[in-house]
Visitor: 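Sharing a structure, written as structure tokens. Questions coming.
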Amino acid sequence: MRRALLAVLAVLVLALFSVSLLIGPAGLAPAEALLALIRGDALAETLVMREIRLPRALLAVLVGAALGLAGAAMQGYLRNPLAEPGLIGVSGSAALGAVIALQTGFAAAHMLALPFAALAGAVLAVLIILALAGPRGGSITLILAGIAVSALAGALTALVLNLSPNPFAAAEIVFWMMGSLQDRSMTHVWIAAPFIALGGAVLLLQGRKFDALTLGEDAAASMGVHLGRLRLALVLGVASMVGAATAVAGAIGFVGLVVPHILRPFVGARPSALLPASALGGAALVLMADIAVRVILPTRDLKLGVLTAIVGAPLFFHLIYKTRMQGQL
Amino acid sequence: MGWPAITRRLCAGAVVCLALSWGEATLAQPPERVVSINLCTDQLAMMLAAPGQLVSISRISHDPNMSVMLEEAKRYPTNLGQAEEVFRLEPDLVLAVSFSSPYTVGLLRRLGVEVAQLPLANSLDEIPQNIREIGRLLGREVQAEELAAQFKSDLARLRGAQPETRRAALHYANNYTSGVNSMAHEILTAAGFENVAAEAGLSGGGVLAMERLVMLMPDLIISGQPYPGTSRSEEVLHHPAMKALRENHASGALSDAEWVCGTPAVLRAIARLIALHDGS
């Protein structure tokens, strides 16, 4: 079951990746596009494929995988399906870190300043959330802490952008809050990929511990799970992935909520199986959203977060309702 | 002819205007306190106003990135174009443009201040009209007529020197560009370049996706001038695809303040573009 699910998801990601490469305003025929991508002999077509479409598709995979996996991991640790990086302010804080790095000029001076600043913002948010929500992650405190962190991070992001001497910066608040992959480049891929890979590896290695944690903290501790270390791995793993993803694509909400929720029934609520599936599922969802924004409004740079929220918010209502019915809220 | 020559001519024109001003008899009562709240009306007013007539210009005219008459502008106090501060300057005429904030303009008019809104010039041929309009408003018709005539003859000379036609692209932040019916398009055309945005069917200002811009393979890419600070909007200007295009196919140039307003400054932009033909 688990292998089959992963295989299906992998095929889906591959298919969507190919579609993403073949969609764009340049109007290249599919054969022509692939030839330009692989052989690279026609200058214009090759630039379009290798420098514009390829980084966009790669980033959709990376960012989606990061958000899906981070969501599943937070939910596994807090044993609460409402824990999602976007909703609880981790993405927003990462965006704040990124904006500060960009506007102070650090990002221009050091290649790694941008992802590290976003990572620092994300770490701070995860720590605040964990401190406020406590180890059990009660829904009310989790959501309230998330609202507070999101609001503060959003306000400070807007403040920093409004203080910028650049006339375009203030209009980019919407990018940082909703996310987009328009006109990203391979530079962004190289900035984000190492952090996402590292964070992903850290989180995937915790799968068995999350499994043990479903039996309760005492049971997990008796099975040899060191909770302090698990917590550290979670904080660093989530912050690294969400930080890097947000630094290059802005804050895209609901991916980490929708994807684990859809996939959970297929894996029998086992976090160790849900983690890799959510990474693939997240990649597929963001690829779909990024294809949709280009098909719906090809010239307008519709933000990804708009689509993920339209899909995710109703699900969020449903989850709140279900949680209340179970008497946990 | 290089642009310094044109500059000299323009400045000479301005000096003549100023020198003539004392002896001029005016027909209707010309305004005595004029406030300009727009970068472009600032320029025309500075070129045409009598000494002491123009009491304040917009703050943006003191921005070295945006102002084509920085030294001249430094002699005037500035305003932020808000109704309250403009009203306190007790102007008998406020110069604005058609797209100035309707709230500011409306409020000033309700307060009994006369506000003139200059139409946006979308073509080179509209520039003399705008010069004359400002001249009429300031009661400086003679000076305006002279400046307009100077502009027309300078423009005709530049157009006559037009070399072979190459294809150029305007690439601003957020992949914004200008198609037909825009001043930037007219500047390109006058300098002997074809505008690829026009090939793509764009009219006025608009977004041309970077993919399409690359596929159009322009010979010259004129990028928007960089502003201080950073923005995601401007990242497209040095996107690897654009860099590669500049390295392998097209030459590059910057657009600047001279492209912004429908004033005689556009002649300098045209002259610099024509010089690019010779340089490559």
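As the structure is a prediction and not an experimental result, all values here were calculated from the model. Sequence lines set the chain letters: A, B, ... in the order given, protein chains first and strands last, and positions in each chain run from 1.
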Visitor: Heavy-atom distances under 4.5 Å only: say whether A:Leu28 touches chain B with side chain, backbone, both or neither.
Guide: side chain
Visitor: Check B:Arg272 with B:Asp256, please: is the shortest side-chain N to carboxylate O separation under 4.0 Å?
Guide: yes
Visitor: Is chain B contacted by the side chain of A:Phe175, its backbone, both, or neither, given a heavy-atom distance below 4.5 Å?
Guide: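 Interface part for A:Phe175: side chain.
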Visitor: So which of A:Ala108, A:Pro298, A:Ser185 has the biggest tally of heavy-atom pairs under 4.5 Å with chain B?
Guide: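 Option with the top pair count is A:Ser185.
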Visitor: Do B:Val35 and B:Leu95 come within less than 4.5 Å of each other through their side chains, counting heavy atoms only?
Guide: no
Visitor: Given that the side chain runs from C-beta out, which part of A:Arg300 has a heavy atom under 4.5 Å from chain B: side chain, backbone, both or neither?
Guide: neither
Visitor: Mind checking which of residues 208-225 of chain B sit less than 4.5 Å from chain A, heavy atom to heavy atom?
Guide: B:Ala209, B:Met210, B:Glu211, B:Arg212, B:Val214, B:Met215, B:Met217
Visitor: Output yes when B:Glu258 and B:Arg268 qualify as a salt bridge under the 4.0 Å nitrogen-oxygen rule, no when they do not.
Guide: yes
Visitor: What part of A:Leu102 lies closer than 4.5 angstrom to a heavy atom of chain B: side chain, backbone, both or neither?
Guide: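 Both backbone and side chain.
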Visitor: Sort out for me which of A:Met186, A:Glu172, A:Gln103 touches chain B most, counting heavy-atom pairs under 4.5 Å.
Guide: A:Glu172
Visitor: Taking the ring centre of each residue, are B:His171 and B:Tyr176 less than 6.0 Å apart?
Guide: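 No - the distance between ring centres of B:His171 and B:Tyr176 does not fall below the 6.0 Å cut-off.
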Visitor: Please list, one pair per line, the donor and acceptor atoms closer than 3.5 Å that link side chains of residues 16-25 of chain A to other protein atoms, with sequence neighbours excluded.
Guide:
residue : atom : partner  : partner atom : Å
A:Ser18 : OG   : A:Leu14  : O            : 2.8
A:Ser20 : OG   : A:Arg294 : NH2          : 2.8

Visitor: May I ask you to check whether A:Phe195 and A:Phe116 place their ring centres under 6.0 Å from each other?
Guide: yes
Visitor: For A:Thr46, which atoms come within 4.5 Å of any heavy atom of chain B: side chain, backbone, both, or neither?
Guide: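 Contact with chain B: none, neither part.
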Visitor: Going by atom types alone, do B:Ser58 and B:Asn38 pair a side-chain donor with an acceptor below 3.5 Å?
Guide: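 Result is no, nothing qualifies.
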Visitor: Check A:Glu51 with B:Lys243, please: is the shortest side-chain N to carboxylate O separation under 4.0 Å?
Guide: no
